[in-house]
Amino acid sequence: MFRIFCLPLSAKQRMRYNNPEMHKRIFYIITLTLLVLFSSCSTNEKKYRIGVSQCSDDIWRDKQNTELKMAAYFHKNVELIFAAAYDSDERQVQQIDSLVREGIDLLIVAPNQVATISPAIDRAFDKGIPVIVFERKTNSRKYTAYMGADNYEMGKLMGEYIASRLQEHGTLMEVMGLKGSSPAIERHNGFRDALRNYPHIQVVATLQGDWTEPTAYKIVKEWNTRNGNTPIDLVFGMNDRSAIGARKAFMETRKSLPLFCGIDGLPGENGGIQQVRDSLLAASYIYPTHGDQLLQLALDILDGKPYKKETSLVSALVTNENARVLQLESEEVTRLSKNLEQLHLTANTYLQQLANQRMFTLLSIGLIVLLLMLVFALHLYQRQRKRINTEREKMAREQLNFYTQVSHELRTPLTLIEGPLTQLAETDDLQKASKETANMLAIVRRNTHQLTQLINKMLEVQVGGLKEKDEAQMTEDHLIEKETGNKSAPAYTSDSQNTQDTTVLIVDDNADIREYLRTILQGKYQVFEAEDGQKGLDVAREQVPDLIVSDVMMPVMNGLEFCQQIKKEEITSHIPVILLTARALNSHQIEGYESGADAYITKPFQPDLLLARIENLLRNRHLLKDLWGTPSVQAPQTEKAKPTAPMPEEGTRESAFISRFKKVVEDRMTDSELSVETIGSELGLSRVQLYRKVKALTGCSPVDLLRKARLNKAHQLLQTTDLSVSEIAYQVGFTSPSYFTKCYKDEYGKVPGDTRK
């Protein structure tokens with residue numbers, strides 16, 4: 001039998017709820033609400049909120065946004081919400097999710113890259129929001145319609161024009177757009193396909209840009225510095241800004257200038273059409289914006305009218321012959337657009353003034369009185385409700401904390417009873433004991449288990465059924481997230497992780513619990529101990545264990561704070577943490593996972609469960625080692641070249657640490673005196689800490705990774721430069737060409753000279 005504690009209302013509180021004045025105030029509130037609702041329904045026209053997510057902020061997108069706004073002037077029921085990601089995938093994902101939360105009716109999006117923005121677009125589409133993808137494509141089919149120019153055809157036509165301009169002979173430089181974006185990929189493919197028909201035209205350099213003029217200027221200048229004697233007849237920038245950036249770099253580094261071609265062909269000052277007219281560019285290609293068509297497509301979708309799922313926009317080549325005419329036309333269109341916008345603003349001003357006058361005449365006095373009454377009534381009502389809720393929550397917290405403390409005091413000794421009883425029952429001596437002895441042991445175990453169940457039910461009654469259901473679902477989600485892939489793992493296996501080289505840190509203020517855990521883990525792992533969170537943090541910093549098992553309720557520093565510190569510090573952030581505690585409620589488990597815990601086990605527990613959880617976490621850490629087994633210094637892929645290992649998902653502390661490590665190595669690669677101590681100093685770690693951290697994450701020592709990085713860079717230089725083997729050896733940091741040749745042969749199975757052949 002269990003008692004359910006209810007909180008009765010006091011006589012004073014009952015009077016508040018039965019007060020006639022309160023009923024009268026509520027009546028006023030309802031009446032006012034109905035008046036507001038009726039007044040807001042004065043028009044039957046459907047209002048549409050359209051979110052526009054631009055991947056960047058440049059003159060092309062400014063022009064398109066202006067066209068969208070002008071088209072919206074003719075549709076009073078449309079509200080446009082603009083967002084610009086400034087070439088950041090993460091920012092655009094956040095902006096799309098934010099637009100969806102604001103309650104938009106349709107999403108117009110230009111994805112920054114093909115793959116990275118797709119999940120956010122899919123989430124919007126799955127919520128029933130129509131999605132128009134324009135200008136750039138996504139790798140998902142979850143969109144309502146697509147509108148944009150044919151970038152492949154654009155690149156192909158530019159390639160054919162360039163071949164014609166060079167009379168089918170010459171050398172080219174190609175400056176790419178943002179890596180991973182669909183226009184860059186398609187324009188490149190079309191450009192290269194066109195040049196296949198002209199064998200006497202050679203592309204001697206393909207440089208990776210990001211659509212911006214400064215980046216194009218930088219990479220072209222660096223290339224010219226290294227390859228100043230390589231002749232270039234024409235530079236193809238994948239947009240006009242890249243072409244202009246390349247032109248500025250050539251003006252600073254070479255005496256004679258090649259021809260320059262781009263894509264966008266924007267009107268206006270410093271646009272592509274003007275640059276062709278002024279002979280800064282030999283040609284450009286108009287990349288249409290058509291914001292008016294884009295808005296009309298959105299309205300057709302929202303109004304349920306027929307529309308095309310795929311709409312290709314027609315474009316045109318801009319050369320010196322037609323640039324002047326196109327510039328004059330665009331200037332005239334711009335002038336008319338400004339006049340239209342000014343007329344629209346003026347009309348809006350007059351209409352707003354008229355509406356304001358009518359509003360103030362009819363409703364000003366009544367609205368002020370009603371608002372004052374509403375504010376006063378709501379204030380009284382909320383103040384009374386808040387006082388009652390505060391009293392209830394205080395009593396509920398006190399009861400829950402009391403039962404949680406009692407549970408902790410009971411579960412710890414229960415763990416020390418139930419666990420050893422389970423182990424004793426499996427020993428040979430007790431299995432051979434008399435029937436009476438076995439029965440007595442079974443009675444003890446059964447009643448211990450029953451006592452544990454009673455404690456659990458007592459706590460569940462206090463929390464309440466509905467809240468527990470919600471928390472249970474949240475906990476299940478956390479478990480799925482934390483232990484994906486563990487369902488098929490056996491309860492316990494013995495593999496390469498279960499050796500004395502694998503270290504486990506036990507943090508618990510109860511000496512008996514620490515001793516019991518040591519008996520479970522000894523012989524399988526090397527065990528360290530600490531009696532509170534602060535001392536555990538000191539041991540973790542010094543020893544850098546492979547895994548941590550920690551209690552939650554401890555003095556000095558509790559387990560949740562300890563787990564947060566472990567995940568916060570760079571030297572320990574990769575260590576899996578298991579919280580082993582008497583706090584059994586689902587809300588407690590959620591709190592543990594939110595603090596960064598990798599697993600949560602309640603007392604009392606089965607030893608096999610703990611061992612299986614440790615084994616799975618160590619196995620997942622081993623998978624991370626496989627991912628980072630080789631450095632990611634990029635080298636051209638040859639028939640026998642070793643591919644770099646796949647990168648883990650970005651955003652984790654481990655990924656950030658490895659990226660910093662690689663940057664130090666790449667920046668200092670030519671320094672033959674570069675040592676592990678120097679790398680560790682730049683990363684803020686000691687030699688021992690750096691070794692343990694890198695070894696745990698990659699399976700390789702820092703020295704091995706440094707050598708592999710130098711060999712990969714040398715492999716690249718052998719394939720792309722005319723430097724001698726000795727020059728390359730010194731350039732990548734080897735002090736002896738003979739030792740370089742030996743290391744290279746060990747890595748690639750052949751001497752450097754054979755690679756060049």
Side-chain angles (χ1 to χ4, degrees), residues 404 408 412 475 478-479 481-483 502-511 513-514 517-518 521 525-583 587-603 610 613-614 617-618 620-621 624 648-661 680-697:
T404 301
H408 182 267
T412 297
T475 302
H478 278 283
L479 288 170
E481 179 183 353
K482 289 289 181 181
E483 301 182 29
T502 303
T503 56
V504 177
L505 170 61
I506 299 171
V507 185
D508 199 302
D509 61 321
N510 190 296
I513 288 290
R514 296 200 303 272
L517 291 174
R518 177 179 284 277
L521 301 177
Y525 309 103
Q526 183 181 355
V527 180
F528 300 99
E529 294 182 14
E531 62 190 34
D532 59 58
Q534 184 58 56
K535 292 181 179 178
L537 190 60
D538 295 337
V539 175
R541 290 167 177 162
E542 179 180 355
Q543 299 296 335
V544 192
D546 294 291
L547 184 137
I548 296 173
V549 179
S550 174
D551 190 16
V552 173
M553 300 180 70
M554 296 184 295
V556 184
M557 178 188 290
N558 64 43
L560 299 178
E561 296 171 344
F562 168 69
C563 185
Q564 290 172 354
Q565 285 295 116
I566 287 292
K567 296 300 182 179
K568 179 179 179 181
E569 297 191 11
E570 186 170 84
I571 186 63
T572 58
S573 62
H574 67 283
I575 302 174
V577 177
I578 297 176
L579 292 181
L580 187 64
T581 179
R583 290 158 52 94
S587 58
H588 295 155
Q589 297 185 41
I590 293 171
E591 188 179 15
Y593 284 122
E594 289 177 344
S595 69
D598 298 87
Y600 196 102
I601 300 178
T602 58
K603 299 175 183 177
L610 176 62
R613 194 62 55 83
I614 291 175
L617 289 175
L618 291 176
N620 290 339
R621 179 57 59 189
L624 183 60
E649 192 172 322
E650 293 185 1
T652 64
R653 285 185 174 271
E654 290 80 358
S655 174
F657 173 79
I658 291 298
S659 297
R660 289 175 57 205
F661 177 86
S681 176
E682 294 204 17
L683 295 176
L685 302 175
S686 69
R687 177 188 178 91
V688 175
Q689 288 175 328
L690 178 64
Y691 177 86
R692 288 175 176 169
K693 178 84 173 179
V694 172
K695 188 72 172 178
L697 288 175

Is there a side-chain contact between D546 and Y525 in this structure, where contact means two heavy atoms from C-beta onward sitting under 4.5 Å apart? no

Judged by atom type as modelled, is there a donor-acceptor pair below 3.5 Å linking the side chain of D598 to the main-chain atoms of V577? yes

Output yes when R541 and D538 qualify as a salt bridge under the 4.0 Å nitrogen-oxygen rule, no when they do not. yes

Mind checking side chain to side chain contact (heavy atoms under 4.5 Å, CB included) for F528 and listing every partner two or more places apart, or none if nothing turns up? T503, L505, Q526, V539, Q543

Applying salt bridge (charged side-chain N to carboxylate O under 4.0 Å, His left out) to E529 and not counting sequence neighbours gives R514, R518

The reported gap from CG in L690 to OG in S681 (rounded to nearest 0.5 angstrom) is 10.5 Å

Who passes side chain to side chain contact (heavy atoms under 4.5 Å, CB included) against S686, sequence neighbours left out? V688, Q689

Scanning both residues in full, the closest heavy-atom pair of L580 with K603 reads O-CE, 3.6 Å

Side-chain contact, heavy-atom cut-off 4.5 Å: L517 with L610? yes

Of all heavy-atom pairs linking I566 and A540, the shortest is CD1-CB, 3.6 Å

Can you give me the closest heavy-atom contact between S550 and F562, atom names plus distance? OG-CD2, 3.7 Å

Can you name the closest pair of heavy atoms from C563 and G596 and give their distance? SG-C, 3.5 Å

Partner set under side chain to side chain contact (heavy atoms under 4.5 Å, CB included) for E542, not counting sequence neighbours: none

Checking L560, V507, D551 against L579 for side-chain contact (heavy atoms from CB on, under 4.5 Å), the one that qualifies is L560

Would you name the heavy atoms of M557 and L537 that are closest together and state the gap between them? CE-CD2, 4.4 Å

Show, in sequence, the C-alpha distance, side-chain angles and deciding distance for V544 and T572, and conclude whether the side-chain contact (heavy atoms from CB on, under 4.5 Å) test is met. CA-CA 6 Å; V544 192; T572 58; 5.5 Å; no

To the closest 0.5 Å, what do you measure between NZ (K535) and CG (D509)? 11.0 Å

When rounded to the nearest 0.5 Å, the distance separating NZ of K567 from NE2 of H574 is 9.0 Å

Spacing of CG belonging to L547 relative to CD1 belonging to I506, to within rounding of 0.5 Å: 10.5 Å

If you look at every heavy atom in Y600 and Y593, which pair is closest and at what distance? N-OH, 3.6 Å

Partners meeting side chain to side chain contact (heavy atoms under 4.5 Å, CB included) with R660 (sequence neighbours left out): E570, L683

